[in-house]
S.K.: 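Okay, handing you the structure first.
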Amino acid sequence: MNRRSPPALTIAAILVFCFIYAPLMVLVAYSLNTAEYGVGWGGFTLEWYRRIFEDRDIQRSLGVSLLVSIPTVLVSTALGTVNAFALYRFQFRGKDFYKFMLYIPLVMPSVVIGISQLLLFVFIKKELGILTIIFAHISFTVPLTTLVILGRMQRIDRTLEDAAMDLGADEITTVRRVTLPLLKPGIYAAALLAFPWSFNDFVITYFVAGVGASTLPIRVYSMIRLGVSPMVNALGTLIVLIPLLLVVAGILLERRKI
Amino acid sequence: MSATVEFRHVTKRFGDILALQDISLCLENGEFFSVIGPSGCGKTTLLKLIGGLLTPDAGEILIDGKVVNDIPSYRRSSNIVFQNYALFPHLNVFENVAFGLRLQMTGATASELRHKADKALGVVRLEDFGDRMPGQLSGGQQQRVAVARALVLRPKVIMLDEPLAALDRKLRKEMQAELRRIHQEVGITFVYVTHDHEVAMSMSDRLAVMDHGIIEQVGDPDTIYHRPQTRFVAEFMGASNIFEGEIAEQTDGARALRTASGLTIDVDIDPSSGKTMCLSLRPELIDVYTPDLGIPHQNQYQGEIVSRIFLGNAVEYVVRLETDDIILSRVPSRQLRQSAYKPGDRVTAGWNRDCCNELKH
């Protein structure tokens with residue numbers, strides 16, 4: 001247990017860590033740089049962060065993003081819970097196929113999802129806007145929430161439900177008083193993982209957003225078309241850090257033992 | 001006494017497997033009843049059928065005189081103490097015990113609930129543990145919470161599924177005594193499922209021995225132990241010597257059994273029927289001594305010690321008789337000298353004619 005890892009392994013681990021996080025470090029560093037153009041270091045400043053908080057366009061697109069992500073998370077977590085119940089509790093025809101199909105959106109290229117979503121909305125003549133973004137986001141986060149909640153559900157001891165019924169709880173009371181409380185960490189984890197998926201998504205959103213509704217990632221994209229300003233760096237830093245904290249919280253919750 | 005639980009020709013299948021075959025059984029009010037048998041014999045199925053976690057494929061189950069086949073588990077006056085206790089990990093001990101109470105006594109005040117739950121926790125001697133979470137309790141304490149959780153509802157019958165299996169030996173002894181005490185205190189019918197015949201014998205008023213979905217025998221521990229009716233029961237209740245052979249009449253009118261190997265055993269039994277008979281003989285009823293000791297047993301055979309196992313309070317000898325029959329004898333180890341036979345020693349094995357028990361088949 002207390003064996004020290006060999007030095008080579010330690011070095012490899014550090015290199016991997018750098019490989020993953022060095023670009024982010026650079027981003028964070030530049031977001032604190034006074035030099036507006038070029039790559040030189042001009043000195044420390046929080047000016048860019050201040051400007052973000054004053055920029056009306058950024059505020060508006062943050063609003064759009066939240067308006068998309070919050071309903072997305074709520075709906076897809078609810079659907080994921082119901083889905084997981086169906087998959088775990090009941091036998092139905094095509095169950096294995098259905099379960100398999102859940103994995104496909106997780107590995108499908110975003111571009112394909114984006115195009116197909118767009119085609120669908122055009123086909124049914126739905127005007128693009130916040131609503132179409134939400135629909136698209138729900139459709140690609142539901143597989144995630146379902147699988148996370150299903151994973152948790154499979155770890156719940158079935159005899160606990162037998163015990164609840166034996167003690168006088170009918171099916172609904174058992175779900176309400178025993179199953180759902182035990183599932184709660186899984187549901188929270190699913191929500192916390194779904195949020196950044198929705199909040200960060202650029203590709204799919206880009207296809208289904210239309211003109212009026214730009215989410216934060218789309219705003220960032222249109223900003224860098226005019227050149228990379230340190231303000232984008234600062235915004236990038238915020239966009240990375242906030243969901244990162246949520247994901248860490250999600251993982252910690254999921255790990256918590258029953 | 002009236003019956004709390006009754007099985008009338010109950011059959012239960014799982015796919016092609018017949019888990020219970022035409023079981024009929026009556027549990028008396030307030031008795032401590034054990035169901036024993038090897039794993040897979042159907043004992044847990046029996047228990048789940050009483051609790052309503054399973055429904056029978058044929059036959060009727062009655063609780064308190066009413067057919068409960070179609071009554072769901074949550075409306076039955078029966079509670080199970082699960083093998084793994086199944087305490088709700090997200091609720092503390094008090095809430096675990098109060099779980100069923102809240103559903104049973106809708107509209108009860110908080111203090112009524114508190115009073116009842118505390119009383120049940122008192123019976124299992126865990127008064128001060130109400131605020132603990134199940135994860136903070138030892139195995140024995142968790143098990144007592146599970147018992148309290150069932151007791152507090154005052155069901156007609158409480159079922160315990162191998163409740164002591166997960167506990168260490170010392171704790172198991174304590175919990176055994178504890179369960180006996182609780183049973184006497186509350187006077188509810190207990191159904192105790194286990195594969196351990198010693199535990200079952202020491203605790204039960206009556207017990208049923210099961211094998212392959214069939215009840216082999218029902219009776220009080222004494223009868224089951226000394227008068228097993230089938231070979232399976234005789235062997236399941238601890239090792240036994242089994243003899244099979246033809247019935248022979250001795251010159252003095254007494255009965256005897258003559259085995260194919262040529263052994264003639266005097267017995268004190270009126271054979272039930274036919275020409276053949278099957279006997280069981282407990283190892284502790286067979287004495288082993290040196291030939292010159294001359295203890296007057298009605299059945300005496302010369303033989304040779306094959307092996308010896310020292311058990312502490314007894315010594316087990318495997319003896320090969322001159323007819324090549326192998327018998328097992330268990331002799332109390334009172335003195336060193338008596339347990340001093342070694343493999344290869346010539347000995348006499350002897351028992352009285354009233355020691356043998358007739359098996360039905």
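Every chain is numbered from 1, with letters handed out A, B, ... down the list of sequences.
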S.K.: Hey, what do you get for OG (S204(B)) to CZ (R180(B)), rounding to the nearest 0.5 Å?
M.R.: 7.5 Å
S.K.: Closest approach of I23(B) and L46(B), non-hydrogen atoms and distance?
M.R.: CG2-CD1, 4.1 Å
S.K.: Would you mind checking which part of F88(B) comes under 4.5 Å of any heavy atom in chain A, side chain (CB onward), backbone (N, CA, C, O), both or neither?
M.R.: both
S.K.: Can you tell me which portion of L91(B) sits under 4.5 Å from chain A's heavy atoms? Options are side chain, backbone, both or neither.
M.R.: neither
S.K.: Using the side chain to side chain donor-acceptor pair (under 3.5 Å) definition, which of the options S76(A), S69(A), S198(A) pairs with T141(A)?
M.R.: S76(A)
S.K.: I need the contact set between residues 166-173 of chain A and chain B: heavy-atom distance under 4.5 Å, sorted by residue number.
M.R.: D166(A), L167(A), G168(A), A169(A), D170(A), E171(A), T173(A)
S.K.: Looking only at heavy atoms, which two atoms of I58(A) and R219(A) are closest? And how far apart?
M.R.: CG1-CG, 4.2 Å
S.K.: Could you tell me which non-hydrogen atom of T4(B) sits nearest to which non-hydrogen atom of K156(B), and how far apart they are?
M.R.: CG2-O, 3.5 Å
S.K.: Pick one of side chain, backbone, both or neither for R102(B), based on which atoms fall under 4.5 Å of a heavy atom in chain A.
M.R.: side chain
S.K.: What orientation do Y192(B) and F32(B) show, parallel under 30°, tilted 30 to 60°, or perpendicular over 60°?
M.R.: tilted
S.K.: To the nearest 0.5 Å, what is the distance between CG on L113(B) and CD on E95(B)?
M.R.: 8.5 Å
S.K.: Considering only heavy atoms, which portion of I80(B) lies under 4.5 Å from any heavy atom of chain A: side chain, backbone, both, or neither?
M.R.: both
S.K.: Should we count CZ of F85(A) as having more than 12 external heavy atoms under 6.0 Å?
M.R.: yes
S.K.: Under a 4.5 Å heavy-atom cutoff, which of R149(B), Q104(B), K48(B) has the most pairs with chain A?
M.R.: R149(B)
S.K.: Identify the two heavy atoms, one from G186(A) and one from V148(A), that lie closest to each other, and give their separation to 0.1 Å.
M.R.: O-CG1, 3.8 Å
S.K.: By number, which residues in residues 90-104 of chain A have some heavy atom less than 4.5 Å away from chain B?
M.R.: none
S.K.: Within the 4.5 Å heavy-atom criterion, are T205(A) and V68(A) side-chain neighbours or not?
M.R.: no
S.K.: Over 60° means perpendicular and under 30° means parallel, so tell me whether F199(A) and F195(A) are parallel, tilted or perpendicular.
M.R.: parallel
S.K.: With a 4.5 Å cut-off on side-chain heavy atoms, are V5(B) and V191(B) touching?
M.R.: no
